[in-house]
Amino acid sequence: MDVLIHLFVGLHIIGIAALLGGFFTQMKAMGAGTARFVPAMLHGALTMLVTGVALVGLNQAEGGTVNTVKIGVKLALLIVILGLVYVKRDDETVDKRLFGLVGLLTVTNVFIAVLWT
């Protein structure tokens with residue numbers, strides 16, 4: 001079971017990397033006002049959602065306790081991120097503030113995962 005959990009943690013980190021990497025690749029364009037949500041950002045957010053749900057299920061199946069408030073906050077942030085990226089995925093340009101919000105929420109989600117114990 002530990003191998004499966006570690007596999008999903010690795011996939012979860014890959015999802016974060018895709019979402020945050022897509023954001024970072026568009027930062028220069030954000031300064032020019034031409035940033036857009038790239039497909040990697042949508043796929044990364046979806047990967048984070050699926051693997052996060054799997055990790056919670058695997059943790060509970062193993063008899064571990066889950067901090068439901070922390071998971072709820074992380075899930076809420078991810079749903080907002082996913083909603084914004086999904087709705088605006090076909091737009092040629094995205095408003096700087098909206099694009100920056102997705103980056104901020106993603107980084108916040110990472111810090112919640114790391115610092116909230």
Donor-acceptor contact present, side-chain [X] to main-chain [Y], <3.5 Å:
{"X": "Gln26", "Y": "Arg36", "result": "yes"}
{"X": "His12", "Y": "Met48", "result": "yes"}
{"X": "Lys74", "Y": "Ile112", "result": "no"}
{"X": "Asp91", "Y": "Val94", "result": "no"}

For the atom pair [atom1] ([X]) and [atom2] ([Y]), what is the distance rounded to the nearest 0.5 Å?
{"X": "Ile81", "Y": "Leu49", "atom1": "CD1", "atom2": "CG", "value": "11.0 Å"}
{"X": "Thr108", "Y": "Leu115", "atom1": "OG1", "atom2": "CG", "value": "11.0 Å"}
{"X": "Asp95", "Y": "Lys88", "atom1": "CG", "atom2": "NZ", "value": "8.5 Å"}
{"X": "Ile79", "Y": "Tyr86", "atom1": "CD1", "atom2": "OH", "value": "15.0 Å"}
{"X": "Leu84", "Y": "Arg89", "atom1": "CG", "atom2": "CZ", "value": "13.0 Å"}
{"X": "Gln60", "Y": "Thr68", "atom1": "CD", "atom2": "OG1", "value": "9.0 Å"}

**Report entry** Positive for side-chain contact (heavy atoms from CB on, under 4.5 Å) with Val9, one of Thr51, Leu58, Leu55
**Finding:** Leu55

Of the non-hydrogen atoms in [X] and [Y], which two are nearest, and what is the gap between them?
{"X": "Ala18", "Y": "Gly44", "value": "CB-CA, 3.8 Å"}
{"X": "Thr117", "Y": "Val114", "value": "CG2-O, 4.5 Å"}
{"X": "Glu62", "Y": "Asp2", "value": "OE2-OD1, 3.3 Å"}
{"X": "Ala61", "Y": "Met1", "value": "CB-CE, 4.2 Å"}
{"X": "Asn59", "Y": "Thr65", "value": "ND2-O, 3.6 Å"}
{"X": "Val102", "Y": "Thr106", "value": "O-OG1, 2.8 Å"}

Side-chain heavy atoms nearer than 4.5 Å, only ILVMFWY residues, links allowed to pass through others: does that put [X] and [Y] together?
{"X": "Val85", "Y": "Val110", "result": "yes"}
{"X": "Ile5", "Y": "Val66", "result": "no"}
{"X": "Val3", "Y": "Val56", "result": "no"}
{"X": "Leu105", "Y": "Phe99", "result": "yes"}
{"X": "Leu75", "Y": "Leu104", "result": "no"}

Query raised in the report: With side chains defined as the heavy atoms from C-beta onward, is the minimum distance between Thr47 and Ile14 less than 4.5 Å?
Result: no

Requested in this report: Would you check if Met30 and Phe24 make a side-chain contact, meaning some heavy-atom pair closer than 4.5 Å?
Outcome: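 They are not in side-chain contact.
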
Query - Ring centroid separation Phe23 to Phe37 under 6.0 Å - result: no

